[in-house]
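Data block below; observations after.
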Amino acid sequence: MSENSSAREFDVVVYGATGFTGRLVAEYLARNAPTLRWAIAGRSASKLEAVRRAVADIDPRCASVGLIVASTDDRGALDAMAARARVLLTTVGPFARLGHDTVAACVDAGTDYVDITGEPDFVSDTIQRHHLRAAERGLRVVNCCGFDSVPHDLGAYMLVRHLAPEGPLEIDAFVRSSASFSGGTWHSALEYMAKRQAVRLPLAPHAGRAIKTRAKLHREAELHAWAAPLPTIDPQIVLRSASLLPAYGPSFTYGHFAQVRAASTLVAGAVGIGAVALLAQFGPTRALLGRIRGSGEGPSAEERARAWFTVTLRARSGGRAVMGRVSGRDPGYDETAKMLAESALCLALDRDALPAVYGVVTPAAAMGDALLARLRRAGMRFEVLSDSGA
């Protein structure tokens with residue numbers, strides 16, 4: 001990877017470090033990457049100084065963490081920031097409105113990139129605009145490196161690696177969680193709902209291979225629960241991984257569902273989401289919804305300590321049925337900060353262990369086994385629970 005050499009000033013730059021999730025990422029690096037050459041970046045020098053003091057309280061060596069002032073509307077500053085890093089990590093959203101120049105600056109500078117977007121339109125545009133050039137330059141541009149979509153993407157990848165399917169493969173994922181949300185996540189969701197359009201991610205060429213998703217409300221007797229299709233970006237990321245990696249077999253089908261025990265909860269959730277989506281269509285009501293939680297705000301440490309998630313996965317291929325599980329603590333923030341930070345560390349420090357897959361790619365395609373190993377060491381659980389045909 002000649003255009004992204006170790007001669008860069010910083011291994012990782014955390015862009016958006018003064019925001020709620022960005023600050024959690026900075027604190028994670030302070031605790032877990034003592035020898036990393038890194039910097040924090042954002043619009044306000046004074047707020048960045050406050051973050052640097054906070055991470056220095058965690059580890060005094062962080063008093064020398066770099067500080068970069070850059071705004072999303074200043075392309076020159078973005079170019080200069082990207083040129084100083086091996087990997088740029090960004091939490092600055094909504095990405096469809098604020099993120100395009102940051103990606104372009106990284107591709108122009110020969111810098112790898114990771115983010116936490118869950119916005120299909122942004123990821124689709126990023127693929128269309130930058131995939132070919134990033135691939136030609138040997139770069140990895142990796143969207144969706146938080147709860148959207150690492151647990152699901154790497155969970156499916158884990159079962160693919162376990163099964164090594166030669167024939168058709170079907171994987172279903174069932175998601176349960178208890179968590180709150182930050183202002184940034186809430187505002188990104190409102191903007192996406194306001195667009196009233198479904199966006200499908202482009203798949204990589206996969207001649208002769210059938211890659212598809214399924215989304216049908218049904219009862220899962222094995223789980224004693226309803227399975228309700230989740231309209232998130234996660235199934236599209238898993239399908240793109242399948243299109244990028246031949247290991248997923250000649251025919252791959254993926255289903256992505258919320259696991260809901262009570263029908264009343266299912267109905268209440270559908271009504272609530274539908275109401276928010278409707279109100280998001282109109283400027284005045286969307287503004288009122290935006291006041292529920294302001295940008296930069298998020299759940300308290302106590303709220304995050306009570307949060308958890310579980311993704312149960314079932315794979316079927318060639319007469320075998322395999323059950324797996326991915327689980328962790330607070331999915332939206334503590335674990336998302338961990339997943340994003342470890343993704344950046346993986347790209348910066350584990351290059352010799354990474355597959356030769358370049359362009360705008362997925363976490364599983366870009367980092368695979370190396371990121372799985374990192375997240376397991378960091379405390380997330382990726383488990384194969386049973387294999388009926390082994």
Side-chain angles (χ1 to χ4, degrees), residues 144 147-179 210-230 232-242 245-263 265-266 307-329 331 335 339 362-365 367-369 371-390:
C144 304
F147 188 64
D148 289 325
S149 299
V150 166
H152 322 100
D153 193 31
L154 282 188
Y157 174 85
M158 172 184 70
L159 294 189
V160 169
R161 293 280 285 160
H162 179 82
L163 277 167
E166 297 181 357
L169 171 64
E170 298 179 356
I171 295 180
D172 289 318
F174 307 96
V175 183
R176 297 176 62 220
S177 70
S178 171
I211 297 173
K212 58 186 179 179
T213 189
R214 57 167 161 245
K216 182 179 180 181
L217 175 66
H218 64 281
R219 182 76 180 172
E220 277 289 334
E222 193 173 7
L223 299 176
H224 308 290
W226 290 93
L230 276 173
T232 59
I233 196 172
D234 307 305
Q236 297 190 60
I237 291 294
V238 174
L239 292 185
R240 184 158 171 83
S241 291
L245 300 173
Y248 285 63
S251 174
F252 178 74
T253 304
Y254 179 73
H256 192 72
F257 304 95
Q259 182 180 331
V260 183
R261 293 197 178 277
T265 303
L266 186 66
W308 54 269
F309 80 90
T310 299
V311 182
T312 302
L313 300 109
R314 180 181 61 214
R316 297 187 177 113
S317 180
R320 292 172 66 185
V322 177
M323 296 295 292
R325 182 171 58 209
V326 181
S327 58
R329 301 184 298 116
E335 297 291 53
M339 288 182 267
T362 62
M367 295 171 278
D369 293 335
L371 184 56
L372 262 177
R374 278 189 167 275
L375 292 176
R376 281 171 166 153
R377 289 195 300 268
M380 284 183 62
R381 297 178 68 87
F382 288 82
E383 306 167 277
V384 175
L385 302 176
S386 64
D387 185 343
S388 67

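Along the sequence shown, the residues carry numbers beginning at 1.
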Does [X] reach the main-chain N or O of [Y] with its side chain, forming a donor-acceptor pair under 3.5 Å?
X    : Y    : result
T213 : Y254 : yes
S327 : F309 : no
Q259 : R176 : no

Straight-line distance of [X] [atom1] to [Y] [atom2], nearest 0.5 Å:
X    : Y    : atom1 : atom2 : answer
E170 : K212 : CD    : NZ    : 8.0 Å
R381 : R376 : CZ    : CZ    : 10.5 Å
D234 : D153 : CG    : CG    : 9.0 Å
L163 : S317 : CG    : OG    : 6.0 Å
D387 : R320 : CG    : CZ    : 4.0 Å
L313 : L154 : CG    : CG    : 10.5 Å

What heavy-atom pair brings [X] and [Y] nearest, and what distance separates the two atoms?
X    : Y    : answer
S241 : A364 : OG-CB, 3.7 Å
P229 : A215 : CG-C, 3.7 Å
I237 : S149 : CG1-OG, 3.6 Å
A227 : F174 : CB-CE2, 3.9 Å
G155 : F382 : N-CE2, 4.1 Å
A247 : V160 : O-CG1, 3.4 Å

Between V322 and V384, does a side chain to side chain contact (heavy atoms under 4.5 Å, CB included) hold up when you go through it step by step?
-> CA-CA 7 Å; V322 177; V384 175; 3.8 Å; yes
Any heavy-atom pair between the side chains of [Y] and [X] that's under 4.5 Å?
X    : Y    : answer
C144 : I233 : yes
L375 : V150 : yes
W226 : R219 : yes
Q236 : R240 : no
H256 : V238 : no
M323 : E222 : yes
F252 : L239 : yes

For the pair M367 and R374, evaluate side chain to side chain contact (heavy atoms under 4.5 Å, CB included) and give the outcome as yes or no after the intermediate values.
-> CA-CA 10 Å; M367 295 171 278; R374 278 189 167 275; over 6 Å; no
In terms of side-chain geometry, is the basic nitrogen of R314 or E220 positioned less than 4.0 Å from the acidic oxygen of its partner?
->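 Counted as a salt bridge, because a side-chain N and a carboxylate O are separated by less than 4.0 Å.
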N-O pairing of R214 and D172 below 4.0 Å |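 A salt bridge links R214 with D172.
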Evaluation steps, side chain to side chain contact (heavy atoms under 4.5 Å, CB included), between T310 and R325 | CA-CA 7 Å; T310 299; R325 182 171 58 209; 3.6 Å; yes
Does the gap between the ring centers of F147 and H152 come in under 6.0 Å?
->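 Between H152 and F147, which both carry aromatic rings, the centre distance is below 6.0 Å.
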Steps toward side chain to side chain contact (heavy atoms under 4.5 Å, CB included) verdict (E383, M158) | CA-CA 8 Å; E383 306 167 277; M158 172 184 70; 5.8 Å; no
On the 0 to 90° scale, with breaks at 30° and 60°, tag the Y248-Y157 ring pair as parallel, tilted or perpendicular.
->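 Correct class here is tilted.
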